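Count residues from 1 along the sequence. Both ligands and their constituent atoms are indexed starting at 1 by order of listing. From a predicted model like this one, the values you see are computed outputs, not experimental measurements.
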Amino acid sequence: TSYRSTMEDPWQKAYDFAVTVARKAGEVIRKAGESEIKVSTKSSTVDLVTKTDERVEKIIIGSLKEEFGEGTHCFIGEESVAKGEPCILTHKPTWIIDPVDGTTNFVHGFPFVAVSIAFAVNKQLEFGVIYSCLEDKMYKARNGKGAYCDDELIQVSDVKDINKSIIISEHGTDRSPEKVKKIFSTMQKILCIPVHGLRGSGTAATNMCLVATGAVEAFFEIGIHCWDIAAGAVIVKEAGGVLLDVDGGPFDLMSRRMVSANNEVIARRIIKEIEIFSAERDDAPIQKK
Ligand SMILES: O=P([O-])([O-])O[C@@H]1[C@@H](O)[C@H](O)[C@@H](O)[C@H](O)[C@@H]1O
Ligand SMILES: [Mg+2]
């Protein structure tokens with residue numbers, strides 16, 4: 001059953017509140033002391049998580065529950081899912097949260113760390129907010145209302161010639177030889193098109209903001225999660241960009257793979273070079289141990 005709201009513009013308050021919460025979360029990250037950066041690992045020895053990731057997620061979800069009431073909204077948070085919470089998008093109002101996108105950067109002091117908060121209703125993304133907290137840049141977008149960085153409208157690049165593009169991708173946290181081989185083979189093919197350059201900030205959310213501001217032409221990755229890209233998907237689309245699956249099909253938030261680009265010409269040219277490998281869907285049934 002689809003979720004119906006009574007108010008004519010029900011989500012503006014939630015959007016404004018998400019910006020406030022993202023900024024507050026970013027401050028907690030900036031102030032995190034050495035003790036908080038005690039590193040643990042998740043899916044691999046290089047998939048890092050810290051007390052700050054967990055504390056910031058609790059602050060965000062706690063603030064949202066206080067504001068919107070327990071039980072009315074659903075939550076998909078990176079660290080809650082890591083602890084066994086389900087990762088299923090229903091028709092209910094749902095917050096999709098990455099408390100610290102760029103955890104490895106955070107641990108190393110590499111200056112790109114983002115708080116990513118998205119909101120979906122009836123399985124449609126309504127808005128996205130990404131606070132790049134070390135740069136102090138607030139990116140945000142609501143469906144049909146444009147994309148902004150610090151209240152300035154942002155727009156994707158108008159480059160259509162792949163030879164004049166910068167492409168962003170990441171190596172992810174899976175170090176299995178067959179996947180690493182495909183990642184680097186894809187990057188080599190794209191580099192030798194040739195393109196002007198390959199880049200990677202270390203955080204999907206920031207990479208998507210770079211597409212939305214026109215700083216780069218495309219970002220693609222296999223292995224990301226819905227919380228890494230949900231907010232960025234709204235921001236890229238509202239900045240005039242496109243989102244596709246890595247096989248050229250429609251964008252699928254839970255598929256763990258995506259291409260975001262300034263236009264379809266660049267997106268489909270990149271897709272030709274991507275060597276696809278499997279990644280279990282975010283909403284795959286949890287295997288009973
Ligand atoms: O774990 P996290 O820092 O929130 O998210 C990160 C993503 O933003 C990035 O695109 C990916 O390459 C990293 O492996 C990591 O998953
Ligand atoms: Mg994260």
Side-chain angles (χ1 to χ4, degrees), residues 22 25-26 28-29 32 36-37 39-61 75-83 85 87 95-118 128-135 139 167-176 179-180 182-184 186-187 198-211 216 218-233 235-236 243 246 253-260 274 277 279-280 282:
V28 172
I29 293 168
E36 284 240 327
I37 305 190
V39 179
S40 306
T41 58
K42 295 187 289 189
S43 63
S44 77
T45 57
V46 296
D47 184 9
L48 310 183
V49 59
T50 71
K51 273 193 237 162
T52 303
D53 294 72
E54 292 165 347
R55 188 156 77 88
V56 169
E57 184 164 308
K58 282 198 181 82
I59 291 169
I60 294 172
I61 293 179
F75 299 89
I76 295 176
E78 177 176 358
E79 308 317 336
S80 311
V81 172
K83 289 193 163 65
E85 291 281 313
C87 184
W95 296 89
I96 305 169
I97 299 159
D98 188 341
V100 180
D101 191 42
T103 299
T104 302
N105 290 351
F106 171 61
V107 168
H108 287 264
F110 190 77
F112 296 103
V113 178
V115 179
S116 183
I117 300 175
V129 172
I130 295 173
Y131 181 45
S132 179
C133 60
L134 303 186
E135 296 180 283
Y139 298 89
I167 307 300
I168 280 195
S169 188
E170 298 286 341
H171 317 126
T173 49
D174 188 320
R175 294 288 187 274
S176 54
K179 289 186 180 174
V180 170
K182 289 193 174 210
I183 289 168
F184 278 88
T186 298
M187 286 189 175
L198 282 180
R199 300 288 187 274
S201 74
T203 127
T206 304
N207 291 338
M208 294 177 89
C209 291
L210 290 166
V211 173
V216 303
F219 162 57
F220 72 94
E221 186 170 356
I222 300 174
I224 32 89
H225 292 277
C226 61
W227 46 76
D228 293 315
I229 60 170
I235 293 169
V236 165
L243 298 152
V246 292
L253 178 65
M254 308 305 261
S255 67
R256 308 258 332 262
R257 55 194 225 180
M258 85 67 231
V259 178
S260 55
I274 297 176
F277 56 86
E280 187 179 64
D282 277 323

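With hydrogens and angles disregarded, a donor-acceptor distance shorter than 3.5 Å links the side chain of Ser260 to the backbone of Phe219. No donor-acceptor pair closer than 3.5 Å links the side chain of Asp47 to the backbone N or O of Lys42. Put simply, the side chain of Glu85 never gets that close to the backbone of Gly77: no donor and acceptor are under 3.5 Å apart. Remark: side-chain polar atoms of Glu57 are paired, donor with acceptor, to backbone N or O of Glu78 under 3.5 angstrom. Of the possible polar contacts, one joining the Arg256 side chain to the Ile224 backbone as a donor-acceptor pair under 3.5 Å is found.
Heavy-atom separations between Val100 and ligand 1 include at least one value shorter than 4.0 Å.
Pro111 has its side chain out of reach of Glu135: every pair of non-hydrogen atoms, C-beta onward, lies at least 4.5 Å apart. Looking at heavy atoms from C-beta onward, Leu48 lies out of side-chain contact with Phe106 at the 4.5 angstrom threshold. Using a 4.5 Å heavy-atom threshold, the side chains of Val49 and Glu54 count as touching. Counting only heavy atoms from C-beta outward, the side chains of Thr104 and Val46 never approach each other to under 4.5 Å. Put simply, the side chain of Ile76 does not reach to within 4.5 Å of the side chain of Asp282, judged on heavy atoms. At a threshold of 4.5 Å between non-hydrogen side-chain atoms, the residues Glu79 and Ile61 do not count as touching.
Only the side chain of Asp228 comes within contact range of ligand 1, with a heavy atom under 4.0 Å; no backbone atom does. Residue contacts with ligand 1, taken as heavy atom pairs separated by less than 4.0 Å, do not involve His225 at all. Contact annotation: for His171 versus ligand 1, there are no heavy atoms closer than 4.0 Å. Counting heavy atoms closer than 4.0 Å to ligand 1, residue Ile224 contributes side-chain atoms (C-beta onward) but none from N, CA, C or O.
At a threshold of 2.8 Å, the Mg ion (ligand 2) has a backbone or side-chain N, O or S atom of Val100 nearer than that distance. Backbone or side-chain N, O or S atoms of Asp101 do not reach the Mg ion (ligand 2) at under 2.8 Å. Inclusion of Asp98 in the first shell of the Mg ion (ligand 2) is supported: an N, O or S atom falls under 2.8 Å.
At least one N/O-N/O distance between Gly102 and ligand 1 falls below 3.5 Å. At a 3.5 angstrom cut-off on N or O pairs, Thr103 counts as close to ligand 1. Considering both main-chain and side-chain atoms, Asp47 never comes within under 3.5 Å of ligand 1 through any nitrogen or oxygen pair. Where the criterion is an N or O separation shorter than 3.5 Å, residue side chain and backbone included, Glu78 meets it with respect to ligand 1. In terms of polar-atom proximity, Ala205 is not counted as a contact of ligand 1, lacking any N or O under 3.5 Å from an N or O of the ligand.
Against a heavy-atom cut-off of under 4.0 Å, Ala204 is close to the following atoms of ligand 1: 7 (C), 8 (O), 9 (C), 10 (O). Listed by number with element, the atoms of ligand 1 under 4.0 Å from a non-hydrogen atom of Thr203 are 8 (O).
Glu78 has its closest N, O or S atom to the Mg ion (ligand 2) at the position named OE1.
For atom 11 (C) of ligand 1, the nearest protein heavy atom lies closer than 4.0 Å.
Taking atom 4 (O) of ligand 1 as the reference point, the nearest protein heavy-atom neighbour is Asp98 OD2, 2.9 Å. Atom 5 (O) of ligand 1 has as its closest protein heavy atom Asp101 OD1, 2.9 Å. Atom 15 (C) of ligand 1 has its closest protein heavy atom at Thr173 CG2, 4.8 Å. The shortest contact between atom 13 (C) of ligand 1 and any protein heavy atom is with Gly172 CA, 4.4 Å.
Side-chain contact annotation: Thr203 with Asp101, donor-acceptor N/O pair under 3.5 Å present.
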